[in-house]
Amino acid sequence: MGEFFSNAWTKRVVSLLSPLYCAMIVILSYFSIFYDMIVQNTVSVCVMVSAVSLIAAVIMLYTREQVITIIVSLLMLPALLPAVLFYFGQWYVLIPPLVVALVMFFFSGLGETPKTIFGTCFLLLYLMGSLGYFLMTTLFAPSTVSTVVESGVSPSGLYRYEVVNTADRSDGSTTITIETNEHNKDYDLILFQIKGLSRTAMLTRPMQEKSVVEWKTEKRVDITNQIHNISDKVEVTLSENQMTLLGRPCYKIDSDLLGDGTMMAEEYHAKTLSLSFDQMAMCEIEESTVQLDALNEKQLDYLDITITDLRTIPLTSLTDDDLTKLGIPEEGDVMYCNGEVCFRYYIAILEEYFALSKQEIGFF
């Protein structure tokens, strides 16, 4: 048995497990950028993370002389930096991998000189990263005091909201923000809530002493009628994918070079132009063949090409069948604040309020 564990090939095979732990650290850091972490059972999570980290440490210490383990020992510390910054304070999750990363850095088979060089670089990385994060979250944070006075979820569970009172130098304000739960990742013990997709449903000045929030489940047809009764000039801006689902062109082209007509999204993005030498010089383009969607407004003017975006359409032009094609359920959540509608699931889906392509990541 001793010969088996001391065999070089045994260590090489076992060392293939060490990148798995490093991958877990990278995933945690990725989540820290795009998701808020809510631990639902602190004791269980602490035991689980500690057990996995202990097993990983034993494996990596056993294979510390192997190239793969040495590389992993160098990657873990920088890979953990985003998680340390964004999940600062969640120590029952952060301390076990931090201990493993530090132990393996010092006890890996890397030479002393490389350890000194890399150790200095990692120390500077953590110092500069922490300083930069501190500056972004303190010096550039708004000088107002905000208090969450109410929070909750919609009847369907698809949306969560907060009512926030903000005190400032004037009379303050009350804001209702809505976020989606659709993109959350729930792993029973830990819930990762998507961030960077909040939508302001209402902003009122001065600060309201009391904001009565009420959710209702309303039918799609009824909402359509309500909006049409308010105005028949309401417009919505659809994405290219939505226009394609409806079989409608996205762009109208007016040009002697291309001819007049409309284009579907796929046709528009695939369209290329063959330019003469004079046109290349006028547009300051080095290639004789160029994508139509790569031209800026000035270049389009030079080439006498007018492109009209057709994606903003009247809501009255959408039939109930069109709404079904666009993925709008027959009924959904509508929020009222003090008796007034401030959020409709219908419009949120139509205008893709919570599309991942619109996600923004801030530091505060």
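- In this structure, CD1 in Ile349 is found 8.0 Å from CG in Leu158, a value given to the nearest 0.5 Å.
- The shortest heavy-atom contact between Ile70 and Ser73 is O-OG, 2.6 Å.
- Formation of a donor-acceptor pair under 3.5 Å by the Lys358 side chain with backbone atoms of Leu197 is not found in this model.
- Under the 4.5 Å side-chain heavy-atom criterion for grouping Ile, Leu, Val, Met, Phe, Trp and Tyr, Val26 is not connected to Leu125 through any hydrophobic cluster.
- A search for side chain to side chain donor-acceptor pair (under 3.5 Å) contacts involving Gln279 returns Ser276, not counting sequence neighbours.
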(request) List the steps and the verdict of side chain to side chain donor-acceptor pair (under 3.5 Å) for Gln359 and His183. (result) CA-CA 11 Å; Gln359 188 176 26; His183 304 298; over 6 Å; no
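- Taking CD1 of Ile305 as the reference point, atom CG of Asp254 lies at 10.5 Å (rounded to 0.5 Å).
- Surrounding CZ of Phe34 are more than 12 heavy atoms belonging to other residues, nucleotides or ligands, all under 6.0 Å away.
- Ser53 approaches Val100 most closely through the heavy-atom pair O-CG2, 3.5 Å.
- Looking only at distances, a side-chain donor or acceptor of Gln299 sits under 3.5 Å from a matching main-chain atom of Cys283.
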(request) Assess whether side chain to side chain donor-acceptor pair (under 3.5 Å) is satisfied between Ser156 and Asp333, documenting all intermediate values. (result) CA-CA 7 Å; Ser156 68; Asp333 300 316; 2.3 Å; yes
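- Ring pair Tyr133/Phe86: centre-to-centre distance below 6.0 Å.
- You'll find the side chain of Asp304 stays beyond 4.5 Å of the side chain of Ser255, heavy atoms only.
- With rounding to the nearest 0.5 angstrom, the CG atom of Leu74 is 6.5 Å from the CZ atom of Phe105.
- Here the closest non-hydrogen pair linking Ser274 and Thr289 is OG-OG1, 4.4 Å.
- In this structure, the side chain of Glu351 does not engage the main chain of Val236 through any donor-acceptor pair within 3.5 Å.
- Under 3.5 Å, the side chains of Ser50 and Tyr92 contain no donor-acceptor pair of N or O atoms.
- Ser146 places none of its side-chain heavy atoms less than 4.5 Å from the side chain of Glu162.
- With contacts defined as side-chain heavy-atom distances shorter than 4.5 Å, the pair Asn184/Ile194 qualifies.
- Two residues are said to be in side-chain contact when any heavy atoms from C-beta on lie closer than 4.5 Å; Leu292 and Ile307 meet this criterion.
- Between Ile68 and Pro19, the closest heavy-atom pair is CG2-CG, 3.6 Å.
- The hydrophobic clustering, which links ILVMFWY residues whose side-chain heavy atoms are closer than 4.5 Å, places Val103 and Val49 together.
- Judged purely by atom type and a 3.5 angstrom limit, Glu330 has no side-chain atom pairing as donor or acceptor with the backbone of Lys219.
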(request) Could you please spell out the steps behind the ring pair (Phe, Tyr, Trp, His ring centres under 6.0 Å) verdict for Phe31 and Tyr87? (result) CA-CA 10 Å; Phe31 276 19; Tyr87 289 159; 8.7 Å; no
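- Listed for the Arg344 side chain is no donor-acceptor partner under 3.5 Å among the backbone atoms of Ile223.
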(request) Please report the C-alpha distance between Tyr346 and Glu218 in whole Å, then the side-chain angles of each, then the deciding distance to 0.1 Å, and finally whether the side-chain contact (heavy atoms from CB on, under 4.5 Å) criterion is met. (result) CA-CA 10 Å; Tyr346 182 120; Glu218 298 186 1; over 6 Å; no
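- Under a 4.0 Å N-O distance rule, the pair Asp222/Lys216 does not qualify as a salt bridge.
- Here the straight-line distance linking atom CE of Met264 with atom CD of Glu240 works out to 10.5 Å at 0.5 Å rounding.
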(message) Between Val334 and Gln226, is the side-chain contact (heavy atoms from CB on, under 4.5 Å) condition met? List the steps.
(response) CA-CA 12 Å; Val334 177; Gln226 291 169 14; over 6 Å; no
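- Under the 4.5 Å side-chain heavy-atom criterion for grouping Ile, Leu, Val, Met, Phe, Trp and Tyr, Met48 is connected to Ile27 within one hydrophobic cluster.
- For the residue pair Ser108 and Lys115, the shortest heavy atom distance occurs at O-NZ, 3.1 Å.
- Note that OG of Ser198 is 9.0 Å distant from CZ of Arg160, once rounded to the nearest 0.5 Å.
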(request) Decide side-chain contact (heavy atoms from CB on, under 4.5 Å) for Leu300 and Thr306; before the verdict, give the C-alpha distance in whole Å, the side-chain angles of both, and the deciding distance to 0.1 Å. (result) CA-CA 7 Å; Leu300 290 171; Thr306 302; over 6 Å; no
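- Gln40 and Tyr187 share no donor-acceptor pair across their side chains, judged by distance under 3.5 Å alone.
- Heavy atoms from other residues, nucleotides or ligands lying under 6.0 Å from CE of Met282 number more than 12.
- Annotation: the span from Asp309 atom CG to Cys250 atom SG amounts to 7.5 Å, rounded to 0.5 Å.
- For the residue pair Thr69/Thr63, the side-chain donor-acceptor check at 3.5 Å is satisfied.
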(request) For Asp321 and Thr324, run side chain to side chain donor-acceptor pair (under 3.5 Å): C-alpha distance rounded to whole Å, both residues' side-chain angles, the deciding distance at 0.1 Å, then the answer. (result) CA-CA 5 Å; Asp321 287 339; Thr324 300; 5.0 Å; no
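- With hydrogens and angles ignored, the 3.5 Å screen pairs a side-chain donor or acceptor of Asn338 with a backbone N or O of Val212.
- By the criterion of side-chain heavy atoms lying less than 4.5 angstrom apart, applied directly or through intervening Ile, Leu, Val, Met, Phe, Trp or Tyr residues, Leu80 is not grouped with Leu54; the two fall into different hydrophobic clusters.
- In this structure the side chain of Ile25 never reaches within 4.5 angstrom of the side chain of Leu28, judged on heavy atoms.
- One N or O on the side chain of Thr174 and one on the backbone of Gln208 form a donor-acceptor pair closer than 3.5 Å.
- You'll find the side chain of Tyr30 stays beyond 4.5 Å of the side chain of Pro82, heavy atoms only.
- Under a 3.5 Å cut-off, the side chain of Arg64 and the backbone N or O of Leu61 do form a donor-acceptor pair.
- Put simply, the residue from Val341, Ile227, Val234 that forms a side chain to side chain contact (heavy atoms under 4.5 Å, CB included) with Ile347 is Ile227.
- Taking the six-membered ring wherever Trp is involved, the centroid distance between the rings of Phe343 and Tyr161 does not fall below 6.0 Å.
- Inter-residue side-chain proximity for Tyr345 and Ile328 is flagged as met; some heavy-atom pair is nearer than 4.5 Å.
- Under a 3.5 Å cut-off, the side chain of Asp232 and the backbone N or O of His228 do not form any donor-acceptor pair.
- Around CD of Glu266, the count of heavy atoms belonging to other residues, nucleotides or ligands within 6.0 Å does not exceed 12.
- Within 6.0 Å of the CZ atom in Phe134, the count of heavy atoms belonging to other residues, nucleotides or ligands does not exceed 12.
- With ring centers used as reference points, Phe354 lies under 6.0 Å from Tyr159.
- Here the side chain of Gln90 pairs a donor or acceptor atom with the backbone of Met37 at under 3.5 angstrom.
- Using a 4.5 Å heavy-atom cutoff, the side chains of Leu102 and Leu77 are in contact.
- A perpendicular orientation is assigned to the rings of Trp91 and Phe88, their planes being inclined by more than 60° (bins at 30° and 60°).
- Linking ILVMFWY side-chain heavy atoms closer than 4.5 Å, directly or via other members, places Leu123 and Met128 in two distinct hydrophobic clusters.
- Met202 and Cys342 get closest at one heavy-atom pair: CB-CB, 4.3 Å.
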